[in-house]
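Contents: one structure, followed by commentary.
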Protein chains: 2
Amino acid sequence: MLTDRQLFILQIIIDDFIRSAQPVGSRNLSKKEDVLYSPATIRNEMADLEEMGFLEKTHTSSGRVPSEKGYRYYVDHLLSPGSLARSEQTAIHSIFADRQNGIEKAVQNVATILSELTSYTSIVLGPKFNDHKVKNLQIIPIDRESAVAIIVTDTGHVENRLFSLPEGIEAADIEKMVNILNDRLTGVPLSDLHRKIYHETAELMKRHIQNYEAVLKMFAEAAGGSELGKLFIGGKTNIFNQPEFRDIEKVRLVMDMMEKENEIYELVRPTKAGIRVKIGTENAEQAMEDCSLITASYSVGDEPVGTIAILGPKRMEYSRVITLVDFLSHDMTNVLTRLYNTGS
Amino acid sequence: MLTDRQLFILQIIIDDFIRSAQPVGSRNLSKKEDVLYSPATIRNEMADLEEMGFLEKTHTSSGRVPSEKGYRYYVDHLLSPGSLARSEQTAIHSIFADRQNGIEKAVQNVATILSELTSYTSIVLGPKFNDHKVKNLQIIPIDRESAVAIIVTDTGHVENRLFSLPEGIEAADIEKMVNILNDRLTGVPLSDLHRKIYHETAELMKRHIQNYEAVLKMFAEAAGGSELGKLFIGGKTNIFNQPEFRDIEKVRLVMDMMEKENEIYELVRPTKAGIRVKIGTENAEQAMEDCSLITASYSVGDEPVGTIAILGPKRMEYSRVITLVDFLSHDMTNVLTRLYNTGS
DNA sequence: TGTTAGCACTCTTTATATACGAGTGCTAAA
DNA sequence: TTTAGCACTCGTATATAAAGAGTGCTAACA
């Protein structure tokens with residue numbers, strides 16, 4: 001349906017617009033050294049491309065601007081693969097080189113480096129710990145009324161939660177309880193913990209400990225707390241650099257959204273799909289209608305556990321960002337898979 | 001030096017400007033029902049106030065705008081005390097009513113409510129845990145190479161850290177070590193922990209456990225992690241509402257600063273002083289030159305442990321905000337003091 | 001002596017007209 | 001099929017004028 005020349009011109013127009021943020025006209029295009037057609041020819045092709053919906057005009061006699069459909073086609077069919085500079089590769093590898101600081105710090109660094117490398121806003125959803133298995137449970141009494149429940153996983157992650165002790169419980173009871181829980185629950189994945197707590201230990205504890213229910217409830221809650229990983233956002237203010245966000249109301253919309261964690265979670269829910277590109281109104285959120293979002297999930301083994309994403313203007317350097325996000329997500333998958341699968 | 005009438009006029013001008021964000025002229029002022037002077041009289045007084053540096057003009061024939069010196073005088077001498085609506089008081093009290101969720105959640109709520117109540121940006125520095133005392137220490141081995149160190153305080157706060165185990169350490173050794181540490185360190189404040197670990201336990205452990213040093217080091221590090229409380233910022237985008245921040249570059253400066261935690265820490269370092277008001281360039285930070293910051297620290301007993309603050313335009317509702325921040329900081333001091341002093 | 005009316009002046013804002021330039025669509029010629 | 005040419009459109013920039021809000025100063029008034 002599209003001739004080679006139309007493809008070529010569409011690609012050049014979008015490339016140019018991504019660089020300059022200015023509507024591109026036939027005259028300027030034809031002056032480029034690798035463009036051999038006259039302005040008139042280009043105008044004809046442009047008119048066709050516009051009719052097909054790939055280009056738009058900002059007003060009757062302006063140059064052309066890519067439409068969302070145009071970007072979509074560009075991303076699906078016209079992207080040149082692109083490769084990473086060696087310096088970028090080493091930057092990425094180095095994030096996980098020093099594992100001493102723990103996963104969270106590393107994930108935090110991913111967000112920072114992503115935003116610095118791209119000049120866009122980065123979103124990183126840290127790995128969820130559902131699959132991690134209970135290594136050890138503790139209940140530390142604080143005073144007569146309260147205690148802290150602690151869950152340590154086989155990956156070194158620690159969940160903790162303060163809770164009120166039932167009236168008149170004895171230190172010996174607590175110890176008994178901890179023993180039962182450790183005995184029955186060690187090795188259970190966090191995602192199963194809630195169920196197992198009630199099914200496997202309730203009967204037993206009922207016999208030994210009065211008022212066991214309140215305690216079980218708190219434990220179950222502590223376990224359920226981390227179904228989703230932690231969210232990190234890097235370069236929140238990078239959007240100020242984009243000329244199409246000179247309008248303060250647009251910036252505000254995006255900024256507002258970035259403060260709402262649950263909306264962000266929706267955007268970056270981990271999936272098995274590879275790179276996902278959402279352009280403008282392809283994003284459900286109203287606030288994203290002038291933005292594009294590129295996401296890729298990373299996995300432990302086959303199970304997607306987290307996501308990295310880049311949020312930028314529709315006029316985004318798709319090629320570069322996709323390459324980068326692809327590389328990084330695979331790198332994270334490798335590192336995490338090695339880390340967690342040898343551990344268990 | 002200032003006549004009563006000058007004080008009165010200065011106050012009305014600033015009040016008016018805070019409300020309207022518009023330079024205020026003599027004519028409009030004189031039309032107010034509680035102003036009995038003619039425009040000409042007011043102009044004369046205005047000229048005097050300007051000469052003394054309390055007012056400024058944006059251009060030769062504009063109305064007057066308060067200078068920083070004007071705001072300063074207003075805050076120091078002209079503030080009407082103001083009181084909180086009952087609904088606001090209950091909103092504040094209710095934050096700590098439900099202690100179940102732990103301090104951190106409560107502090108988070110403080111930030112949210114502060115920004116909602118004021119329409120400015122709120123900054124809340126959570127309580128530091130230096131004074132809290134060790135209740136219990138644990139070392140949970142994860143695999144042959146690593147373990148998690150856990151410190152529980154008498155306030156229910158939990159610190160944890162993953163560390164590498166020295167080669168060839170035995171499970172029995174670890175247990176012995178935990179016993180020694182608990183024996184010696186229970187009741188020690190976190191701020192002393194680092195020192196005590198080396199002074200009081202090193203000798204003893206040396207005798208019992210080979211390669212104890214690496215382990216001690218990790219424990220000491222875990223303890224040192226929380227010298228400062230956690231930072232919460234509410235209503236980051238509220239600044240977009242301020243007409244003097246229509247300029248995107250100004251917004252950017254402020255937004256950029258809000259992303260830099262260490263700069264924020266400098267602004268809200270807890271002190272014993274009461275309410276502090278910093279107007280415009282009284283703040284050292286370049287980015288704050290068009291903002292005012294109102295801070296108040298809250299304490300446990302006599303020891304300031306955290307800070308709440310409101311960041312807004314220089315044209316801020318000082319009276320309201322000061323009343324609110326004062327009330328809230330005292331409330332927090334009361335609640336926390338009761339909570340932590342009865343606990344120990 | 002303090003207050004006020006009057007007036008000329010300043011400066012911003014808004015509206016209007018004009019010129020300029022980048023770009024288009026269409027027609028006709030190559 | 002391609003391209004040169006040309007009239008036309010529309011946004012941007014510039015100049016000019018008019019309106020309006022506010023000031024400072026002078027002189028009159030109580």
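A quick note: this is a predicted structure, and the numbers were derived from the prediction, not measured. Only heavy atoms go into these numbers, but all of them, side chains included; no hydrogens, no water, no symmetry mates. To find a chain, count down the sequence lines: A is the first, B the second, and so on, and within it residues start at 1.
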With sequence neighbours left out, write down each residue that passes ring pair (Phe, Tyr, Trp, His ring centres under 6.0 Å) with [X], or none if nothing qualifies.
X	answer
B:Y71	B:Y318
B:Y73	B:F54, B:H77
A:F327	A:H93

- Side-chain ion pair, A:E282 and A:R72, N-O less than 4.0 Å: yes

- Salt bridge present between A:E285 and A:K278 (N-O < 4.0 angstrom): no

- Is the CG atom of B:D76 crowded by more than 12 outside heavy atoms at less than 6.0 Å?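 Yes, CG of B:D76 has more than 12 neighbouring heavy atoms, counting only those of other groups under 6.0 Å.
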
- Partners passing side chain to side chain contact (heavy atoms under 4.5 Å, CB included) against A:E51 (at least two apart in sequence or in another chain):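 Per chain and number, A:E51 pairs via side chain to side chain contact (heavy atoms under 4.5 Å, CB included) with A:D48.
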
Under the side-chain hydrogen bond (donor to acceptor under 3.5 Å, both in side chains) rule, collect the residues that match up with [X], sequence neighbours excluded.
X	result
B:T237	A:D256
B:E56	none
A:S38	A:T41
B:N283	none

- Item | Those residues of residues 43-62 of chain B lying under 4.0 Å from DNA chain C by at least one heavy atom | B:R43, B:N44, B:H59, B:T60, B:S61

- Task: Using the heavy-atom set of chain A and a strict 4.0 Å cut-off, write down the first and last nucleotide of DNA chain D that makes it in, 5' to 3'.
- Result: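 Span of nucleotides near chain A: D:dT2 to D:dG11.
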
- Got a sec? Which of residues 1-38 of chain A come in under 4.0 Å of DNA chain D, heavy atoms?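 Under 4.0 Å from DNA chain D: A:R5, A:S38.
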
List every contact pair, protein side and nucleotides 28-30 of chain C side both N or O, where the distance is under 3.5 Å.
none

- Message: Working note: B:S297 + B:R276, criterion side chain to side chain donor-acceptor pair (under 3.5 Å); need CA distance, chi angles, decisive distance, verdict.
- Response: CA-CA 9 Å; B:S297 294; B:R276 282 151 283 153; 2.9 Å; yes

